[in-house]
Every structure is written in structure tokens, then in C-alpha cells.
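When a residue number appears, it is its place in the shown sequence, counting from 1.
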Amino acid sequence: MSPRNGSGSGVVLGIDPGTAVTGYGVVARRGDGAISLLECGVVRTSSGAALPLRIREIFETVQDVVESFEPEVMSVEDVFQGKNIRSALTLGHARGAILLAAALREIPIAEYTPREIKKAVVGTGSATKGQVGFMVKEQLRLRTAPSPSDAADAVAAALCHILMGRATT
């Protein structure tokens with residue numbers, strides 16, 4: 001697959017979905033194998049807003065990031081199987097908006113569990129958020145870890161895809 005952005009790099013958009021805070025991180029792998037962070041951040045939705053408005057905000061922001069960076073693949077953290085079924089269902093709405101943003105641009109989607117992402121980036125699936133942030137900082141040679149942790153987790157999702165050898169270059 002040839003790069004969508006014409007730059008000769010493999011651009012991966014990592015997403016850490018959430019209805020309150022969705023993290024995103026755009027990482028590029030150059031032809032020489034070097035990996036760099038292009039941008040990262042979060043979408044914070046208002047807890048007082050109706051769920052459809054929150055989902056729309058997530059969708060529109062992800063769509064804007066996709067349009068700006070034209071990633072070749074979107075690496076999305078999979079739903080965590082927790083005890084609270086309502087939280088999982090609400091998170092599913094956010095994931096649906098994110099997946100739709102990718103599908104509308106025909107961007108392939110890779111999904112990884114939180115444990116798979118931590119193992120790929122840190123070396124252990126039980127890593128803490130602090131350890132994930134530290135390893136993201138180290139692997140990308142950043143001065144500080146991406147902040148907040150949702151942004152670092154999204155960058156880790158993108159890195160996971162590259163480190164597992166599934167990114168296109």
C-alpha cells in the first residue's frame with residue numbers, strides 16, 4: 001500500500017477512546033525506520049452535554065485529524081472488558097464515531113487491547129500509565145511524555161501498531 005500523504009512515510013493515527021476524554025496521537029515512520037511524533041492531544045467533551053453532542057464532537061475532531069494528516073492506518077484501543085456494562089456501552093458509542101471517521105476515508109483500522117499496547121510499548125501488559133508515558137517519551141526521544149495520559153495512551157496505540165510490524169512504509 002502506498003502512503004496516502006505522498007511523503008514516503010507510514011503515518012499511524014492512534015486513538016484512546018472515551019466519551020469524556022478521547023486521546024489521539026499521530027506518529028510517522030520514515031523510510032529509514034525513524035519514528036517521530038507529529039501531533040497528539042485530547043478531545044474533552046462536556047459531561048453536562050447530551051451523549052449525541054459528545055459523540056458528534058469526538059467524530060468531528062477525529063475527522064479533522066484524519067483530514068490534516070491522512071494516516072494510512074488508525075490504531076484504536078479496544079474496549080476494556082470491565083465490570084461496569086453501562087460504561088462499556090457508552091464507550092462503544094465513542095468507538096463507533098471514531099471507526100466511522102476512519103471508514104468514511106477508507107482508512108484501515110487495527111484494534112489492540114490495552115494489555116497488547118502496554119506489552120508492545122513497555123514490555124509488560126500490566127504497565128502503569130506513568131510507565132507508558134515514560135516509554136513513549138523515550139522511544140520518540142521527546143523531552144517530556146505526552147500529556148495528559150490519554151494523549152500518551154493514544155500515541156502508545158500508534159507506536160504499538162508500528163512496533164508490531166504492521167505499519168506500512
So CZ of Arg141 and OG of Ser36: to nearest 0.5 Å the spacing works out to 10.5 Å

Stepwise side chain to side chain contact (heavy atoms under 4.5 Å, CB included) test for Glu67 and Arg105 = CA-CA 9 Å; Glu67 288 175 12; Arg105 293 292 297 265; 3.0 Å; yes

Val26-Phe59 co-clustered via ILVMFWY side chain contacts under 4.5 Å = no

Look at the side chain of Arg29 and the backbone N and O of Ala34, then say whether any donor-acceptor pair between them is shorter than 3.5 Å.
-> no

Nearest-0.5 Å distance, OG1 of residue Thr22 to CG of residue Asp153 | 11.5 Å

So which heavy atom on Ala158 is nearest to which on Gly25, and how close?
-> CB-O, 4.0 Å

Would you find a donor on one side and an acceptor on the other, under 3.5 Å apart, between the side chain of Lys137 and the backbone of Thr144?
-> no

Could you check if a side-chain atom of Val136 sits within less than 4.5 angstrom of a side-chain atom of Leu159, using non-hydrogen atoms only?
-> yes

From Arg95 CZ over to Ile15 CD1, what is the distance, rounded to the nearest 0.5 angstrom?
-> 11.0 Å

Side chain of Glu106, backbone of Ala103: donor and acceptor closer than 3.5 Å?
-> no

Minimum heavy-atom distance Val121-Met135, with the two atoms named | O-CB, 3.6 Å

Quick one: does Val132's side chain get under 4.5 Å of Lys118's, heavy atoms only?
-> yes

Would you say Tyr24 and Ile109 are hydrophobically clustered, going by side-chain heavy atoms of ILVMFWY under 4.5 Å?
-> yes

May I ask you to test the Phe69-Leu13 pair for a side-chain heavy-atom distance under 4.5 Å?
-> no

Check whether any side-chain N or O of Thr19 sits under 3.5 Å from a backbone N or O of Leu91 as a donor-acceptor pair, and report yes or no.
-> no

Can you name the closest pair of heavy atoms from Ala145 and Phe134 and give their distance?
-> CB-N, 4.4 Å

Note, Pro71 side chain near Val12 side chain (heavy atom, < 4.5 Å) | no

Does some side-chain heavy atom of Val66 sit less than 4.5 Å from a side-chain heavy atom of Gln63?
-> no

Set of residues satisfying side chain to side chain donor-acceptor pair (under 3.5 Å) with respect to Arg44, sequence neighbours excluded = none

Euclidean distance, Ile58 CD1 relative to His93 NE2, rounded to 0.5 Å = 11.0 Å

Taking every heavy atom of Pro17 against every heavy atom of Glu77, the minimum-distance pair comes out as CG-O, 3.6 Å

Ile35 CD1 to Leu163 CG distance, which is reported to the nearest 0.5 Å | 5.5 Å

For Pro148 and Val42, work out which heavy atoms get closest and say how close.
-> CG-CG1, 3.7 Å

Whether Arg56 side chain and Leu51 backbone form a donor-acceptor pair below 3.5 Å | no

So, do Asp16 and Ile117 sit near enough that their side-chain heavy atoms are less than 4.5 Å apart?
-> no

Where Ser126 and Arg115 come nearest, the two heavy atoms and their spacing | N-NH1, 3.9 Å

Within the distance-only criterion (no hydrogens, no angle test), does the side chain of Glu60 pair as donor or acceptor with the backbone N or O of Glu57 below 3.5 angstrom?
-> no

If you measure from CG on Leu99 to CE on Met74, what distance do you get to the nearest 0.5 Å?
-> 7.5 Å

